[in-house]
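Data first, discussion second: the structure below is written as structure tokens.
Note on naming: letters A, B, ... go to the chains in the order of the sequence lines (proteins, then strands), and numbering restarts at 1 for each one.
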There are 2 protein chains.
Amino acid sequence: MTKTRKKTDLPILGVHERVINASLLLFTKQGYFKTSVPDIVKASGCSTGSIYHHFKDKEGIASALYESLVMRMNLALDEIETQFPSSKQRCQAVIKLLFHITETEPEVMEFILYAKHKEFLPGNNPICSSRPFQKMREFVTAGIAEGDLQPIDDLVASASLYGGALRLIFLRLDGVIEHSLMDKLDDVWKCAWRSVAA
Amino acid sequence: MTKTRKKTDLPILGVHERVINASLLLFTKQGYFKTSVPDIVKASGCSTGSIYHHFKDKEGIASALYESLVMRMNLALDEIETQFPSSKQRCQAVIKLLFHITETEPEVMEFILYAKHKEFLPGNNPICSSRPFQKMREFVTAGIAEGDLQPIDDLVASASLYGGALRLIFLRLDGVIEHSLMDKLDDVWKCAWRSVAA
DNA sequence: TTGACTAGAACGAACGTTCGTTTTATACTA
DNA sequence: TAGTATAAAACGAACGTTCGTTCTAGTCAA
């Protein structure tokens, strides 16, 4: 018997999941600091006491949310690594993945990319030092070592390869771009690859 | 006789400037919501009453700060426009400008790029719709029209051209890059231009 | 009966803001 | 020039609100 499914076998979400889900929506819609604990209580349907039984404090909620999203990202990147052999294919798959998440779960992308985590997660590393972003850079570094990419600074190469795509994601999240990023995937990739291809 | 220099002709900063300067440092160092009005009082050396005499409220301070930085940016971009005739030169100058500001006044770049303005400036447009960013895109659009750049979607071209540089700026502000971005300027520009050059 | 969990009223601290007062600069008068 | 009147600016204690958190009472399954 798992920890979150005690009373029944019905697919009723536990407090932890309900709070995390509600917080993701609230944090991305109105920001961490403009989201009060009472807001989370209302949106999650859990009581204050319940929430504080499962989480140390408000920051703990954000922290758990952050961890879960980073973990999801890691799994997806690991899958890309096993599925594709070449650096080129991997980098392309990464951009496609990021675009896909942006279109299907914009809140997830927004929380990962746009939130100024250091403001409310003082302990955490900056997002760009977190494992998913490291992995993305590793793909690039490997590409340079294999001679597929120009022999330039890893960070410059990585920024050039992913920078365009990430910028478009910001524009999409801000509402500047109105149509699916998927439409632009090919063009974006052509530009990205051309910028660093050997 | 100006409004801010009555008592003497000495270059003593007025309340407005002192508050703006202090707030830029505080907002970028600890974030808007973790900066209290008493914090600003201490850092600026102005009293609470004084501050509320010059600004409507705390949000008004952030708003004035935002406006002043956007205006500075506009002036700099206008100068680039008059100084350089070709789109290529203009775009290159933009990246150099952004790198220069990042190195000499990181707080300015941080506030412009990194702050989630919509959290505390509900009225304002997203930063990427503001005039400076529009102007940056205009340079790219002109380049496409003139045939210097590939005939692709403006937004894709713009994102590809500036995306790498902006990504490096984020990395620099986050402390991931330890040396001056100026060292990487040439490589970054080569990648950026290669990504969209006709 | 016990122990894990839920509930929501209550609490103190900290916040942004207001307000009555004092200080300073300027304009006017004689 | 000296004296007075007026307005603008600065001040900071005090206010009401809202926040994150705690606490005590209660529920329910085992």
Rounded to whole Å, CD1 of A:Ile61 lies from C1' of D:dT21 at a distance of 12 Å

Does the ring of B:Tyr32 carry B:Lys58 above it, NZ/CZ under 6.0 angstrom from centre and within 45° of its axis? yes

Within the pair B:Ser47 and D:dA10, is there a side-chain N or O less than 4.0 Å away from OP1 or OP2? no

Rounded to the nearest 0.5 Å, how far apart are CD1 of B:Ile152 and OG of B:Ser160? 5.5 Å

How many Å lie between NZ on B:Lys42 and P on D:dC11, as a whole number? 16 Å

Check ion pair A:Arg172-A:Glu103 (N to O, under 4.0 angstrom): yes

Can a salt bridge be assigned to the pair A:Lys29 and A:Glu110 using a cut-off of 4.0 Å between side-chain N and carboxylate O? no

NA contact type, B:Val15, heavy-atom cut-off 4.0 Å: base, sugar-phosphate, or nothing? sugar-phosphate

Could B:Asp78 and B:Arg131 be called an ion pair, given the rule that one side-chain N must be under 4.0 Å from one carboxylate O? yes

Any salt bridge linking A:Asp154 with A:Arg137? Criterion: basic side-chain nitrogen under 4.0 Å from a carboxylate oxygen. no

Just the rounded figure in Å: distance from C1' of C:dA7 to NE2 of A:His54. 12 Å

Using whole Å, report how far CZ of B:Phe55 lies from P of D:dA9. 13 Å

Can you get from B:Leu166 to B:Met182 by hopping between Ile, Leu, Val, Met, Phe, Trp and Tyr side chains that sit under 4.5 Å apart? yes

B:His53 NE2 to D:dG12 P, straight-line distance once rounded to whole Å: 16 Å

Please verify the inter-ring angle class for A:Phe111 with A:Phe120; under 30° counts as parallel, over 60° as perpendicular, anything in between as tilted. tilted

Scan residues 19-36 of chain A against DNA chain D and write down, sorted by residue number, each residue with any heavy atom closer than 4.0 Å; if none is found, say none. A:Thr35, A:Ser36

What protein N or O atoms touch nucleotides 17-19 of chain C N or O atoms at under 3.5 angstrom, if any, and at what distances?
{"from": "C:dT17", "atom 1": "OP2", "to": "B:Tyr52", "atom 2": "OH", "distance (Å)": "2.5"}
{"from": "C:dT17", "atom 1": "OP2", "to": "B:Lys58", "atom 2": "N", "distance (Å)": "2.9"}
{"from": "C:dT17", "atom 1": "O5'", "to": "B:Tyr52", "atom 2": "OH", "distance (Å)": "3.3"}

